[in-house]
Amino acid sequence: MNQLHDSIFVRWVTGIIQNRKAKTGVVIIFIFLFLALLGPLMTQDSTAFLSTPLSPPSSEHLLGTNGQGQDVLAQTIIGSRQTLLVGFATGILVVFIGALIGGISGYYGGKIDDFLSLLINVFLVMPGLPLMVILASWLPPGPATLTGVLVLTGWAWNARVIRSQMMTFRSRDFVSAAIVSGERNIRIIIVEIMPRMLSLLASSFIGASIYAIGAQVGLEFLGLGDVSTVTWGTNLYWASNDMALLTGSWWTFVPTGLSIAIVSFALTLINFGIDEVTNPRLIAERVWRANIPTKKIVNGVTPVVKSHE
Amino acid sequence: MNKPLLSIENLCVNYITSGRPIKAVNNVSFEIQEGEIFGLVGESGSGKSTVIQAVLRTLPPPAVITDGKVVINDKDILSISDTEVLKYRWKEISIVMQSALNALNPVLTISEQIEDVLREHSSLQGQAIQDRTEELLSLIDIDISRLDSYPHQLSGGMRQRVVIAIALALMPPLIIMDEPTTALDVIVEREIIAKIIELRKNLGFTILFITHDLNLLLEFADRVAVMKNGKLVEMDSAQNIRGGGKHDYTQKLIGSLPSASGPRERGMLSKPENLSLGSQPILEIQNLSKSFIDSGIFNSTSIDVVKNVSFQIYPGEIIGLVGESGSGKSTIAKLIARLIRPTSGNILLNGNNKKVSEAQKVPLEYRKQVQLVFQDPFGSLNSVHTVFHHLARPLVRHRLVTKQNLFQTIIENLETVGLKPGEAFARKFPHEMSGGERQRVAIARALSLNPDLIIADEPTSMLDVSIRMEILEIFARMRIEKNLTIIFITHDLASARYIADRIFVLHNGSIVEENSAEQLIQSPKEEYTKQLIKAASPGWLESLSLDNGDMKNA
Amino acid sequence: MAAWAALTLNFFIPRLMPGDPAAIIFARFRGKLKPEAIQALRETFGLTNEPLLGQYWSYLKSMLIGDLGISIAYFPEPVTNIISSALLWTIFLAGVSLIISFSIGTLLGTFIAWNRGGKLDSILPPVLAFIGAFPYFWLAMVALYIFGFELSWFPLGHAYGENVTPGFNISFILSALHHAALPALTMILVSLGGWMLSMRNIMITTLGTDYISFAHAKGLPSLQIMLRYAARNAILPNFTGFGMALGFVLSGALLTEIIFSYPGQGYLLLQAVRAQDFPLMQGLFMTITFAVLAANWLVDIAILIFDPRTRK
């Protein structure tokens, strides 16, 4: 009976796959994931001293070497591994915690909601970046600390968004209908409501990942990560430490900066795509525009296009 | 015949999609004479609103006008420039919109919204604008102290009047009324229409009236055009249409609604003679009250939505619970379905004397015995699940069938409510069905548990007129076949009379009158009931304006 | 309520840190600090031999009267003094940038939503999103390198030049503006896209409402509908986001201030973290938290003024 040819799921997924923006974003992310996975097989040792420090790009070192005489290309590829891992892990955890706390808070309401909303609000008004800086300076550096700090300071916003959407769903008739037919609350939340939140959860995950990559790189740049590992953040930390800017060694920081930008931008593109698929009006309007001959379109005046003219 | 005020020739409108364009309006032509009330009637999707929005050229994307002429004052609206379109709007044609309740900008006062139009289109300035605004408000009987009110501070009926005032601001020769009263309660609707007719008598403008309610239109229109699927199927004088019309579809529209006056028709909907009710009440409501806390920024107030309501229902009975919006009828439905807890009072099912207000958890048994059918058939089904899922869950949850029988039972349940073949419908998603089909699925879901009591909360009010009767018939048949007890909640006295044995009239959270359906209609005691009955009977308009005349003479 | 919770959290975080922070600090500073400084530190933390509850009470009391203790790194300067001078610079730089960015972003969002599908609408969002995708400090560094170092259009850091005296005089104000220009521009550039997109999205929803269709039918001119009918309503939900951002102004400029060595709150915070200056950290954290709460309160009032529906 699980014929899905017309289900909202399938339409949503195919919609996103067919969406130009989302498709571009997904392809870029896959390329980076692929490089991150297989990178170690293809590049030189990223931590070895290979050549004169700060030598410009050459055939031997395509992107030159950094202040430690390490290969920049290898560092950029290897650096992506921990950065992406921490980024996506934070994204998943943030959405999970947000959905759990926001979902329970919004569904049950009453005293449970009072308490959980207070918790969410406290974490919301807590300044994220300073807290991160303070926490990260105290805890032993490493990916687990980074993820923990990012999740701690990032979950509340998601929880708030999910809570408010849960509250609107909670009052919808299809939920009341499920209650009247005797369904258990937990089943209503998971089977009836969560699938309806798919778009929100997906875009929350992407938003949280973008946030996690940016904040993480920022912390590491300040020297608050583990500076002995190779990540995009530490690459930039060393570039700045080695006065790369003042010596004009652009190749030490441009590849990493650009990689971060491309990954974040690709994720943003996927989010644009999700937005368009969830808002079919935008697509419909684009098709409509494309079908209207060059005549200027004035808002609020329906165009007249006679076929025999 | 004189030159028509507005003439529409071969109007065609397409909706552009990524596939083939959809023809929303197909070759529609009609003319409106000066001074008449021209009615355009059709069900949802008939294209009636598209026609009039094309006349104003306010159709939003993805619509495109592909052919035709719209001539007013010797000018073809479809061939003038965009800036000319803006100038012609409101000066020559104004409109009272379909969802007039939302037509006002929530952050501007009503006087600002009236003045915007005057400032843009008239030569009035300064004090003259203010004077005209006050004059307009007095025309529609709104006190000028309301000038600085914001829309949310006004009732639905008042907002509707303000929109009418804006439409009258420049006294255009033609005013379009696009379902101006659908969101309003029946008594308010009648008052507004009487007001419109009175204004027209005094000011002499022409009206193009759009509605889905043919019976309403026949009360006051001079000529009527019927639309279906983007085409005009019939156009004639109101008198001829009243006589039945020529087209099958018109006849179906006329015959599709029950009436609250005259002798009651016999049929399967009326109470069977030999039906015997049980002697013990199946449901007893004792002093039920519910209040909600409305917490504002500065203070919270408690609003009593249901006040001390008591009644009893016997097995096999159909009760009509009639009230306008805000009467508390839906809250009573939710209380009995135990979706919300009462502030005080008790609900006894089968004499089971357990205080509902204290119960933390609703027993599963109660969920099997009492079922609820919702007003909006799209909202009550979950768009991510198939019909199969919706019908399977209750059966599985209450362990009513074995796994092997599940599919077969669901198909039978679907066919009971007229969805044939059941296999095909079981695989569908809500968005693949029409409103009527969706409501049948919702009814099948409620019936599948073999409940003792079904609460139907306005089950037909969001459906097209022509299929409402079929849905009512399902309930009536189930009562006979399964001895089901039904609480039928509605704002429409006529359909309550049609299906119910007894009627309770609900007003401001209390039951003001209760009686057997016939007696209540024939000899109402309370003033409020009388008003409701008058508003639901043909000829109400004459009696209303007669009242006005009396008052003026006095 | 939230303020109390934040205060409490602020009290417990140093106490819940692994190890004994007090012992670590004392060990680190022994010999380097004067005994008075150590005593000051003990007092700020209430790390006396009092029980936890007693410590908590004296902490709350001193917070309420605005006594944030004495800084260790800048001993014997009180934390309040250090923070108040940094606060002004941060409000000047980040506050002004935020207001400019929010205004321009909202205007652009209004415009591209009105002309959606147009040229600007297909170019601006992806371009600004791409700029916003770069790590902020990276863009700031590159900008500093190009415009400050290579082209020497802007100074390389600090809030004002060495040759001017702070005070109300033209040369000081000009110098301050000159120093703030580049950091402000980079901040505006990266945040612009976000404001624009959120305004665009709400505008598009607003443009689908009945009162906009009605305004069109009334034949009102486009500009009036766009601003008075659509944008006037669409901006209301954005106030909440603006309020959050306004509150975080005090902390959000952290990276900017570090890169441009701008003597504001964020710069101070990093100094405090590096110097393990706990009283200063705690003080900064408090100011920021209260700024967030105050900003939220201001936004509530603004919404009360601009949205008649919230008044009864």
Side-chain angles (χ1 to χ4, degrees), chain B residues 49 52-53 55-61 82-109 112-114 116-121 148-153 159 163 166-167 169-170 172 176 178 183 294 296-301, chain C residues 1 106 110 112-118 121-122 199 202-240 243 296-312:
Chain B
S49 287
I52 56 103
Q53 280 187 281
V55 168
L56 282 164
R57 288 190 58 187
T58 52
L59 276 170
D82 298 328
T83 39
E84 278 178 289
V85 170
L86 294 188
K87 276 188 200 129
Y88 121 94
R89 283 181 193 165
W90 230 252
K91 263 195 164 153
E92 316 223 4
I93 300 183
S94 65
I95 182 172
V96 176
M97 293 232 307
Q98 185 166 21
S99 41
L101 295 186
N102 303 318
L104 296 172
N105 185 344
V107 298
L108 296 182
T109 64
E112 283 174 306
Q113 302 192 46
I114 300 177
D116 274 352
V117 176
L118 294 172
R119 217 165 268 138
E120 180 58 31
H121 294 289
D148 293 326
S149 296
Y150 288 94
H152 72 277
Q153 295 166 321
R159 268 183 268 176
V163 172
I166 297 177
L170 303 163
I176 298 175
D178 184 5
D294 180 30
I297 291 186
F298 302 114
N299 54 353
S300 353
T301 41
Chain C
M1 190 66 175
T106 303
T110 307
I112 61 172
W114 184 258
N115 295 305
R116 64 189 174 286
D121 185 32
S122 47
M199 185 62 180
I202 304 174
M203 265 297 275
I204 285 175
T205 316
T206 311
L207 288 175
T209 58
D210 294 323
Y211 54 84
I212 298 297
S213 322
F214 191 53
H216 277 304
K218 289 200 283 192
L220 298 178
S222 288
L223 201 67
Q224 195 178 359
I225 298 178
M226 177 170 102
L227 298 177
R228 190 171 156 90
Y229 283 77
R232 176 75 177 71
N233 278 288
I235 201 170
L236 294 173
N238 266 333
F239 275 146
T240 317
N296 279 337
W297 184 72
L298 279 177
V299 162
D300 281 347
I301 291 181
I303 289 179
L304 212 56
I305 292 169
F306 286 103
D307 188 352
R309 280 162 297 183
T310 52
R311 294 172 246 151
K312 278 275 160 168

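Any value given below was found using the heavy atoms of this structure, including those in side chains, with hydrogens, waters and symmetry copies removed. Throughout, protein chains are lettered first and strands after them, A, B, ... in sequence-line order, and every chain is numbered starting at 1.
Interface remark: B:Glu112 contributes backbone and side-chain atoms alike to the contact with chain C (heavy atom separation under 4.5 Å). No part of B:Leu170 comes within reach of chain C, as not one of its non-hydrogen atoms sits under 4.5 angstrom from that chain.
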N/O donor to acceptor pairs below 3.5 angstrom from side-chain atoms of residues 227-237 of chain C, sequence neighbours left out:
residue, atom, partner, partner atom, Å
C:Arg228, NE, B:Asp116, OD1, 3.4
C:Arg228, NE, B:Asp116, OD2, 3.1
C:Arg228, NH2, B:Asp116, OD1, 3.3
C:Tyr229, OH, B:Asp116, OD2, 2.6
C:Tyr229, OH, C:Lys218, NZ, 3.4
C:Arg232, NH1, C:Phe306, O, 3.2
C:Arg232, NH2, C:Phe306, O, 3.2
C:Asn233, ND2, B:Asn105, OD1, 2.7
C:Asn233, ND2, C:Tyr229, O, 2.9

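Taking each heavy atom of B:Ala103 and C:Phe214 in turn, the nearest pair found is O-CD2, 3.2 Å. Between B:Pro106 and C:Tyr211 the shortest heavy-atom distance is CD-CE2, 3.5 Å. Summarising the geometry of B:Leu56 relative to C:Ala217, their closest heavy-atom pair is CD1-CB, 4.4 Å, with the distance given to 0.1 Å.
In this structure, the separation between OG on C:Ser213 and CD1 on B:Ile95 is 9.5 Å, given to the nearest 0.5 Å. The distance from the CG atom of C:Leu220 to the CZ atom of B:Arg119 is 11.0 Å, given to the nearest 0.5 Å.
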Start with the C-alpha gap between C:His216 and B:Leu86, add the side-chain angles, then the distance that decides, and say whether side chain to side chain contact (heavy atoms under 4.5 Å, CB included) holds. CA-CA 8 Å; C:His216 277 304; B:Leu86 294 188; 5.9 Å; no
